[in-house]
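Here the structure comes first, spelled out in structure tokens, and everything after it is commentary.
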Amino acid sequence: MNDWRPFLYGGLASITAECGTFPIDTTKTRLQIQGQVIDARLRDLKYRGMLHAFLRIFREEGAHALYSGLGPALLRQATYGTIKIGVYHTLKRSLISDPANETLAINVFCGVVAGITSSSIANPTDVLKVRMQARGSHASYDNMFCSFVKIYQQEGVAGLWRGVGPTAQRAAIVSGVELPAYDVVKKHIILSGYFGDTKETHFLASFLAGFAGALASNPVDVCKPECREKRNEFSAMYAAARVGKMEGIMALYKVFIPNWLRLGPWNIFFFMTYEQLKAMY
């Protein structure tokens with residue numbers, strides 16, 4: 001219960017993964033929010049796919065636009081990632097002291113609690129990150145501190161926590177799937193005898209955890225930016241049901257490839273960094 005390492009390692013690994021995959025996240029966010037009627041600047045369907053969006057952003061707005069919102073994203077990971085991994089591992093050890101006795105149900109419960117707790121606290125940084133990514137080089141935000149001040153002055157405290165419901169729902173799904181999936185896959189690979197507790201095992205487990213997380217969270221991820229930008233926030237689950245009814249079930253997976261391209265590499269960066277930090281101390 002007094003082990004500080006999961007908190008520190010979780011934060012450092014999350015920051016490393018964010019730096020390595022942020023342009024993918026910016027591209028994915030642009031694809032998700034285009035065509036919405038919430039903001040006149042976002043109504044046009046400018047991008048035909050992940051690669052086209054990446055190249056067009058780079059060509060028209062410059063490389064720095066792909067990193068718009070990196071500051072709040074790193075701040076988010078320093079809080080969200082630190083709390084999520086720290087709470088997950090601490091809660092597991094408080095419920096079951098011996099890792100050999102862990103069950104999938106316990107791990108899923110700990111992942112859900114960790115995701116909700118961390119995302120609720122870090123929500124203001126997520127709000128700012130999405131807005132800066134959406135507007136890129138045309139953002140009206142001078143810097144991270146001024147951005148927070150502007151949102152607070154114009155929208156109050158509620159503006160900083162806009163979309164916290166959908167964000168917490170997504171975090172509960174992602175953490176409740178990815179973290180247990182990694183632990184389960186890693187455990188079974190080691191028990192199979194093919195690999196030990198090696199980098200190869202960490203890579204395979206993180207790859208499959210990213211795929212599982214993308215598959216489970218994509219319907220909510222499709223609707224989350226819309227929920228955050230709307231004046232009247234509504235549940236992401238309701239939004240997903242509404243999109244599925246109006247556009248068909250496949251509409252909920254219209255950005256699955258970009259989502260997986262984001263979560264897959266992010267999880268590989270994260271878990272392999274986390275495991276190396278664990279091995280150091």
Side-chain angles (χ1 to χ4, degrees), residues 11 14-15 17-19 21-47 53-54 56-58 60-84 115-171 220-236 239 255 262:
S14 296
I15 289 172
E18 196 71 14
C19 289
T21 62
F22 194 76
I24 302 175
D25 187 47
T26 297
T27 305
K28 178 179 72 73
T29 299
R30 294 285 192 95
L31 281 172
Q32 286 179 247
I33 64 176
Q34 69 173 347
Q36 296 180 13
V37 297
I38 303 162
D39 189 327
R41 289 169 293 188
L42 305 177
R43 291 177 182 173
D44 295 335
L45 296 175
K46 298 173 59 177
Y47 312 118
F54 181 91
R56 183 165 181 177
I57 294 169
F58 179 82
E60 295 181 356
E61 303 176 42
H64 66 281
L66 293 168
Y67 285 90
S68 295
L70 180 61
L74 295 181
L75 178 60
R76 178 180 184 270
Q77 291 302 335
T79 52
Y80 172 73
T82 299
I83 297 170
K84 179 181 71 174
I116 293 174
T117 303
S118 55
S119 64
S120 298
I121 294 173
N123 195 78
T125 57
D126 201 36
V127 169
L128 182 57
K129 177 179 77 77
V130 170
R131 295 191 185 188
M132 292 182 72
Q133 285 177 313
R135 291 161 178 80
S137 60
H138 305 295
S140 59
Y141 304 101
D142 302 315
N143 56 55
M144 192 163 58
F145 177 76
C146 292
S147 301
F148 280 119
V149 172
K150 283 184 179 180
I151 294 174
Y152 175 75
Q153 290 177 338
Q154 296 173 5
E155 305 175 42
V157 174
L160 294 172
W161 267 268
R162 186 178 303 280
V164 66
T167 299
Q169 290 172 27
R170 181 186 184 277
V220 174
D221 203 48
V222 166
C223 302
K224 190 182 71 166
E226 181 180 354
C227 294
R228 175 173 285 105
E229 293 286 346
K230 276 187 175 297
R231 293 297 179 183
N232 297 313
E233 179 186 321
F234 55 88
S235 167
V255 292
R262 160 64 168 168

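Note that this is a predicted model, so its numbers are computed, not measured. Because only heavy atoms are used, hydrogens play no part in the values below, and waters and symmetry mates are left out as well, while side chains stay in. Along the sequence shown, the residues carry numbers beginning at 1.
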Quick one: do Y80 and I121 satisfy side-chain contact (heavy atoms from CB on, under 4.5 Å)? Show the steps, please. CA-CA 7 Å; Y80 172 73; I121 294 173; over 6 Å; no

Please lay out, stage by stage, how L66 and F54 fare under the test side-chain contact (heavy atoms from CB on, under 4.5 Å). CA-CA 8 Å; L66 293 168; F54 181 91; 3.7 Å; yes

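Separation of atoms SG (C19) and CG (L70) is listed at 5.5 Å; rounding is to 0.5 Å. Rounding to the nearest 0.5 angstrom, the gap separating the OG atom in S119 from the CD atom in Q169 is 10.0 Å. One finds the CH2 atom of W161 at 12.0 Å from the OG1 atom of T167 (value rounded to the nearest 0.5 Å). Taking CD of E18 as the reference point, atom CZ of R76 lies at 7.5 Å (rounded to 0.5 Å). Atom CZ of R170 sits about 8.5 Å away from atom CG of D126, to the nearest 0.5 Å. Here OG1 of T27 is found 4.5 Å from CD1 of I57. Values are rounded to the nearest 0.5 Å.
Every residue two or more places apart in sequence or in another chain that forms a side chain to side chain contact (heavy atoms under 4.5 Å, CB included) with A78 is listed here: I15. Under the side chain to side chain contact (heavy atoms under 4.5 Å, CB included) criterion, L75 pairs with T125, M144, F148, sequence neighbours left out. Residues forming a side chain to side chain contact (heavy atoms under 4.5 Å, CB included) with T79 (at least two apart in sequence, or on another chain): A122.
Residues Y67 and T26 form no side-chain contact, since every pair of their non-hydrogen atoms from C-beta on lies 4.5 Å or further apart. For the pair L160 and N123, the minimum side-chain heavy-atom distance is 4.5 Å or more.
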